[in-house]
Each structure stands twice: as C-alpha cells, then as structure tokens.
Amino acid sequence: MNETNTTAAQAAGLPSEAQVLEALKVVKDPEIPVNVVDLGLIYGVDITPQGVVDITMTLTSVGCPVQDLIRADAEMAVGRLDGVSEVNVEFVWTPPWTPDKMTEDGKRQMRMFGFNV
C-alpha cells in the first residue's frame, strides 16, 4: 500500500498497513519466541475499501504444526483494529523463509534466546 492509499484508507476509517503490522507483532511463533513481523514471515498486507484485510505470510517451515494457531492469532489481532470487517490469512511457500528475512530486532531477540543468527 503506498502513501496515497494509506492516507485514503485512514480517511475512510480503515487501518493503515503499518497499523496492521503493529497489531501482528503480538502474534508469536510458539516454537520461536519472536513475533511474526520481526521473523520476516509477513509477505504482504492488502486492505480493501470494505475493511477486508488480506495477509500473505509464510512460516519457518512447510508443515509447521502451529499453522492453525498462528492463523487464528493473526485473525484475532488484526480483527480488533477499527474499520476491519474481515481478516484472511493466506500461507505461501514461495519464496521460502530464511533467517535473512528477519528484522534486526528479530535477530537481536533470537540471539538473546541463544540462537546463532
């Protein structure tokens, strides 16, 4: 979403992409103690004029046993934002996740827990 679309969305009472990403920071991968945004799992956010938020994301591995939990947590976190009528989470596997996709804050958190990133 570009700056013009973000301004228009806010004028329409919709959340901005930044607000959606901030809401998603409460969603953590239970196997890795870092939120999905700082892990670099969020590939895209699209907000329609009707308040539908489509999130494209991945997981650290295909067949992740907590996929349904992460989906539910993401839907609940974003669904709480003003103006959101529906949240759809789509998991994609291309491009595959690598630690290179993590934010610097995410890497710092991982190092605090003893991971070598």
Do you know which two heavy atoms are closest between [X] and [Y], and how far apart they sit?
{"X": "P33", "Y": "Q109", "result": "O-OE1, 4.1 Å"}
{"X": "Q50", "Y": "S85", "result": "O-OG, 2.9 Å"}
{"X": "P30", "Y": "L69", "result": "CG-CD2, 3.6 Å"}
{"X": "A77", "Y": "V27", "result": "CB-CG2, 4.1 Å"}
{"X": "P15", "Y": "L81", "result": "CB-CD1, 4.0 Å"}
{"X": "W93", "Y": "S61", "result": "CZ3-O, 3.8 Å"}

May I ask you to test the [X]-[Y] pair for a side-chain heavy-atom distance under 4.5 Å?
{"X": "I47", "Y": "V52", "value": "no"}
{"X": "P95", "Y": "K101", "value": "yes"}
{"X": "V45", "Y": "D54", "value": "no"}
{"X": "Q67", "Y": "L59", "value": "yes"}
{"X": "N88", "Y": "V53", "value": "no"}
{"X": "N35", "Y": "L24", "value": "no"}
{"X": "P99", "Y": "M110", "value": "no"}

Is there a continuous path of hydrophobic side-chain contacts, each under 4.5 Å between heavy atoms, that joins [X] to [Y]?
{"X": "V62", "Y": "V66", "result": "yes"}
{"X": "L39", "Y": "V92", "result": "yes"}
{"X": "F113", "Y": "I32", "result": "yes"}

Pairwise distance NZ(K28) to CG(D73) - rounded to 0.5 angstrom: 11.5 Å
Full working for side chain to side chain contact (heavy atoms under 4.5 Å, CB included) between Y43 and F91: CA-CA 9 Å; Y43 286 0; F91 290 102; over 6 Å; no
Hey, is the main chain of [Y] close enough, under 3.5 Å, to the side chain of [X] for a donor-acceptor pair?
{"X": "Q19", "Y": "S16", "value": "yes"}
{"X": "T58", "Y": "L41", "value": "no"}
{"X": "R111", "Y": "V117", "value": "yes"}
{"X": "W97", "Y": "M57", "value": "no"}

I55/E90 under side chain to side chain contact (heavy atoms under 4.5 Å, CB included): CA gap, chis, key distance, verdict: CA-CA 6 Å; I55 300 165; E90 178 186 3; over 6 Å; no
Stepwise side chain to side chain contact (heavy atoms under 4.5 Å, CB included) check, D38 with M102: CA-CA 6 Å; D38 286 328; M102 295 173 64; over 6 Å; no
Residues V34, D29; criterion side chain to side chain contact (heavy atoms under 4.5 Å, CB included); working and verdict: CA-CA 6 Å; V34 178; D29 183 324; over 6 Å; no
